[in-house]
Novice: 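What follows is a structure written as structure tokens; I'll ask about it next.
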Amino acid sequence: MSGPLAEVLDGQRQADLQKAARALLKEPLLTADGPYADEFRLVRRHAAELREWFERNVGWALRTDADAARLRKTPGTLTDATHPAREAARSALPFTRRRYVLLCLALAALERGESQVALGRLAEQVVLAAADPELVAAGITFTLERRDERLDLAAVVRLLLRLGVLRRVAGDEDAYVSGAGDVLYDVRRRVLAGMPASLRGPSMVEAEGFEERLTEMTARTALDSDELRFRAIRWKLTRVLLDDPVLYYDDLTDDELAYLTRQRGFITARINELTGLVPEVRAEGVAMVDPLDDLTDVRMPEQGTHGHITLLLAGHLARATGPVEPEELAVRVRELAAEHGGFWSKSAREPGAEPELVEKALTKLVALGLAERTERGVVPRPALARYAVGEPVVREPEPGRARRPATTAKTATTAQTAKAAKAAQAVQNTQDER
Amino acid sequence: MTPADYTPFAHLTAPNAPLYRQVMRAFLAAKERFAVHLRPEDVYASLDAGSRPADVEAVTQALDKLVEWGNLRADPDHARVTAVEDFYRRRFIYQLTRAGEAAEAALGTYDEVLGRRGELQAVALHDIVTQLRALLVIAAEDEPDPAKTYVALSVLTARFTDLADNARAFMGSLQRTIDLHDIEVEAFLAYKDRLIQYLERFIQDLITLGGRIALLIGELEERGSVKPLLSLAAAREAADAAPEDAEQAEAAAYEKWAARWSGLAEWFVSGEGRESQARLLRGRALGAIPQLLAVVRQLNERRAGRSDRSADFRTLARWFAQAPDDAARHRLWRVAFGLHSSRHLTVDADTLAERTASPEPASTPWGEARPLRISPQLRRTGSYERRGKPRKVADRGEAKRRLAALAARQTEETRRARDRLVTGGPVRLSRIGELDPLAFQLFLRLLGDALATWRPDTTTTTATSGDGSMEVRLTALDDGATAEVRTPDGVFRGPDHLIDIVDLTAGHGDRAAPAPVPIPAPREDTSPRLTEDR
């Protein structure tokens, strides 16, 4: 009996490890009492193995303790602006300049503070810190007397709550914003200590230019041997493949491209083993695609009005031969609304909504590496062709009645996703079928 | 020297105080070796190589200063010299004065008391046990020896005083440590392990030895030998007193000894409503460990909060403020905090299966590769699920008819299987012969029902099948014969039994009335064997 049993246990372990790795990639800061407590426990259980993998293959440090697990991800590229900090609220708006600054000042204050803090006190300290002459010179002022300033601070605090740096003890932020009350928090220092991810502390960086600062924060010491240089290349390539949707050969240097050509199979196999992602290798680049469809924060295709419009515009862009002006896309949305508008939300059907819809769709496409914004317009990137099919095959006069086979085919597909994926890539026990 | 004259302490506050103290210590050390006079060269040589002044001259000056303050006395040196300049120099030899010696002794005590780390003496506990045992032996004698009694009691008291003092100091220092008042982190961390180890050992000793001590004390008191012993010791102590004070001195000495004894007893023996010191100490020492751990945690947290991380955040705040645009800020956020989710395109199962079946060459451009299969439904409506008007109520007539036919067929099959099984009286199992899968399934179930009621020493049993439609009577045979039931899937073997199967529904007019549970098709690979081994 030991044979099959050992096999089952091994498969189970492998599946747990994969689940833990995926959780870390999705949420690099997991806390014991956060929304991903189960995944946190898995990470803790497999910490040694995960640490070794990340350290060796991408040079990311994994720190775990009883409170939190933190994967310090250094991105493979410094140019990607599609991962902003977002509000913890449902609107999930990207952070503004003021909020970023407030966030850092709040973190600095918490870092020096006690194990508990009240929002009012934190606000005082932030106001004090904002008096820094350099900040003033950059045109930042905080008095936190106006309501919108307090809203900014509340948004910052909510992000910290979501991350698990703070834990609310009493009160709520709305009361603070309206000036009627205060909020008390526990500061979880270990989680706080895990916040910065850069290799070098910014206070140690002397560069003055913005780009140089980014480079210096992530730079390793001099790469004075071939081995170190190769490792740096391997790390960079693996980072991009592991973290970003598509790696285009265009974006690589000659050295990197040469290395990738030789080692592609090896690198993608390592990633597949850890995460279950499958390589999609094409002439223009490589994408690690996800059969389980959850290792991402931007989905495509996706249900709902915005997902639908994105998909339709993707089809349109994929057929375009050159840059497309956003205005042209807005016109296209207008046309699409006539055809599909019945399925869209009411606000999307209203005339004048098009530019915003186009903007949202483009944000997604850019984030997924499927399109690029240039001065002449939007340029499709090669991987966009994945979504290029002709017009939908189903054409019926009246909207609202779909043919059965379409529905059943898709429902069956979703149900079988994990199973077929398993068969296809021989990954045992993909149990993550949520 | 007047009583108010404390000039021998003046060197403590003078500049160069460390040198003076070193010099004085050199004299003390010399005195321990019974050397009384020291020349400046001797003093110089005895100073620590690392901290002594560059030449003898400085030492000589210090010596003269100390003579001035009254710590030393200088006498002219008449020894032979070998150099002319030495001859012309005023030469002295030095020795400690009484005042100097007293001052040093006082300083020694001062250092010792302040330097006491506060240690719990496990050894003292052992000594106390030994002395109490000795006292027991002495008390058992007809004429207790006063000298032995006195010595034993003295040692006991001395050790006990030590222990009590140290325990007090320990508590103090422990509290200081725990409160983290002006203590170095490194020192604490180094101290921590030793302390915990030490506490563990001491607590263990206190529990075992403390109990033993309490027993010994109890034994002594029970025998009533405490008072006589204490009187003996008191008498001996008072023996030296002047004859007229003798009586009073003895009473005073006895009182003193009695107080000491009760102190000892209270330390180790809990009385009514009063906890013994030993127990309190144990409680404190035990409680100290978690407190200590809390301190360690606090320290670690302080460490985790390196102060320069705060500077990092402030720097970042400036950078965010100075960044050219929002895109730059988002990039900075990603690099500095790395809290973003990994992001990947997806692939659905159908596409994946298709690709596995016929992989695309790696040199295919995306534009020419087969695109992702996307549900036309999704492409058209933006949703996998159909929205809009509800479907019309479907006509299930056809399906119902099919189900009814299926049910009827199953019922018929079951009936036939039952008919096949009914034995019409007891028969040997071996006579059942060949059964088709359905009948065999039913037969197995009946046999199972019957065997379920089988207890040790049963030879015959009756059971009703689960659905109440059949009854089976089974009787064991002891002729050792083996029965075989053949089925298309294999042969079923086991000890032979007498079996009688009755169809309970047979009496009813409608045989198909109680719809039997559909019998699942037998597995193809079964080669059943009767595992029952009675």
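Side chains included, hydrogens not; waters and symmetry mates left out as well; all remaining heavy atoms used. Below, read A as the first sequence line, B as the second, and so on, with proteins coming before strands; counting in each chain starts at 1. It should be emphasised that the depicted structure is a prediction, and the values quoted were computed from it without experimental measurement.
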Novice: Considering all heavy atoms of both residues, which atom of B/Arg309 and which atom of A/Pro196 are nearest to each other, and what is their separation?
Specialist: CD-CG, 3.6 Å

Novice: Find out whether A/Leu370 and B/Leu345 are in side-chain contact, i.e. whether some heavy atom of one side chain is under 4.5 Å from a heavy atom of the other.
Specialist: yes

Novice: For the residue pair A/Met217 and B/Leu332, what are the closest heavy atoms and their distance?
Specialist: SD-CD1, 4.2 Å

Novice: Measuring heavy-atom distances to chain B, does A/Arg86 have an atom under 4.5 Å in its side chain, in its backbone, in both, or in neither?
Specialist: neither

Novice: Nearest 0.5 angstrom please: A/Leu163 CG to B/Leu339 CG, how far?
Specialist: 5.5 Å

Novice: What distance separates B/Phe337 CZ from A/Leu103 CG, expressed to the nearest 0.5 Å?
Specialist: 5.5 Å

Novice: Under 4.5 Å from any heavy atom of chain B, what part of A/Leu159 do you find: side chain, backbone, both or neither?
Specialist: side chain

Novice: Go through A/Ala130, A/Cys104, A/Pro28 and name the one with the most non-hydrogen pairs under 4.5 angstrom from chain B.
Specialist: A/Cys104

Novice: Just wondering, do A/His340 and B/Arg379 contact through their side chains at under 4.5 Å, heavy atoms?
Specialist: no

Novice: Roughly how far apart are B/Arg343 CZ and A/Asp290 CG, rounded to 0.5 Å?
Specialist: 14.0 Å

Novice: What is the distance from atom CD of A/Glu302 to atom OG of B/Ser383, rounded to the nearest 0.5 Å?
Specialist: 12.0 Å

Novice: So for B/Pro359, is it side chain, backbone, both, or neither that comes closer than 4.5 Å to the heavy atoms of chain A?
Specialist: neither

Novice: Would you mind reporting whether B/His330 and A/Thr82 have side-chain heavy atoms less than 4.5 Å apart?
Specialist: no

Novice: For the residue pair B/Asp312 / A/Ser203, report whether a side-chain donor-acceptor contact shorter than 3.5 Å exists.
Specialist: yes

Novice: Considering non-hydrogen atoms only, spot the tightest contact between A/Val286 and B/Trp366 and give its length.
Specialist: N-CH2, 4.1 Å

Novice: Would you call A/Asp243 and B/Arg334 a salt bridge, using N to O less than 4.0 angstrom?
Specialist: yes

Novice: Which heavy atom in B/Ala317 sits nearest to a heavy atom in A/Leu135, and how many Å separate them?
Specialist: O-CD2, 3.7 Å

Novice: Looking at B/Ser342, B/Gly382, B/Ala321, which makes the most heavy-atom pairs under 4.5 Å with chain A?
Specialist: B/Ser342

Novice: Could you have a look at B/Gly338, B/Ala328, B/Ser341 and say which one has the most heavy-atom pairs with chain A under 4.5 angstrom?
Specialist: B/Ser341

Novice: I need the A/Arg22 CZ to B/His344 NE2 distance, nearest 0.5 Å.
Specialist: 8.5 Å

Novice: Please determine, among A/Pro75, A/Pro301, A/Ala138, the option with the most heavy-atom pairs under 4.5 Å with chain B.
Specialist: A/Pro75

Novice: What pair of heavy atoms forms the shortest contact from A/Arg386 to B/Thr346, and how long is it?
Specialist: NH2-O, 3.0 Å

Novice: Please look at A/Ala129 and chain B and tell me whether the side chain, the backbone, both or neither of the residue comes under 4.5 angstrom of a heavy atom of that chain.
Specialist: neither

Novice: With a 4.5 angstrom heavy-atom cut-off, could you sort out which part of A/Ala367 is near chain B: side chain, backbone, both or neither?
Specialist: both

Novice: With rounding to the nearest 0.5 Å, note down the distance linking CG in B/Leu378 to CZ in A/Phe343.
Specialist: 11.5 Å

Novice: Heavy-atom pairs under 4.5 Å with chain B: which of A/Thr74, A/Val246, A/Asp244 has the most?
Specialist: A/Asp244

Novice: Chain B heavy atoms under 4.5 Å from A/Arg70: which part of the residue, side chain, backbone, both or neither?
Specialist: side chain

Novice: My understanding is that only one of A/Arg213, A/Glu208, A/Arg97 makes a side chain to side chain contact (heavy atoms under 4.5 Å, CB included) with B/Gln322; could you say which?
Specialist: A/Arg213

Novice: Considering only heavy atoms, which portion of A/Ile140 lies under 4.5 Å from any heavy atom of chain B: side chain, backbone, both, or neither?
Specialist: side chain

Novice: Between A/Asp132 and B/Arg314, is there a side-chain N and carboxylate O pair less than 4.0 Å apart?
Specialist: no

Novice: Identify the heavy atoms of B/Ala323 and A/Phe210 that sit nearest to each other, and give their distance.
Specialist: CB-CE1, 3.8 Å

Novice: Which of parallel (below 30°), tilted (30 to 60°) and perpendicular (above 60°) describes B/His340 and A/His83?
Specialist: tilted

Novice: Against chain B, label A/Thr275 side chain, backbone, both or neither, depending on which of its atoms sit under 4.5 Å from a heavy atom there.
Specialist: neither

Novice: Can you tell me which portion of A/Glu27 sits under 4.5 Å from chain B's heavy atoms? Options are side chain, backbone, both or neither.
Specialist: neither

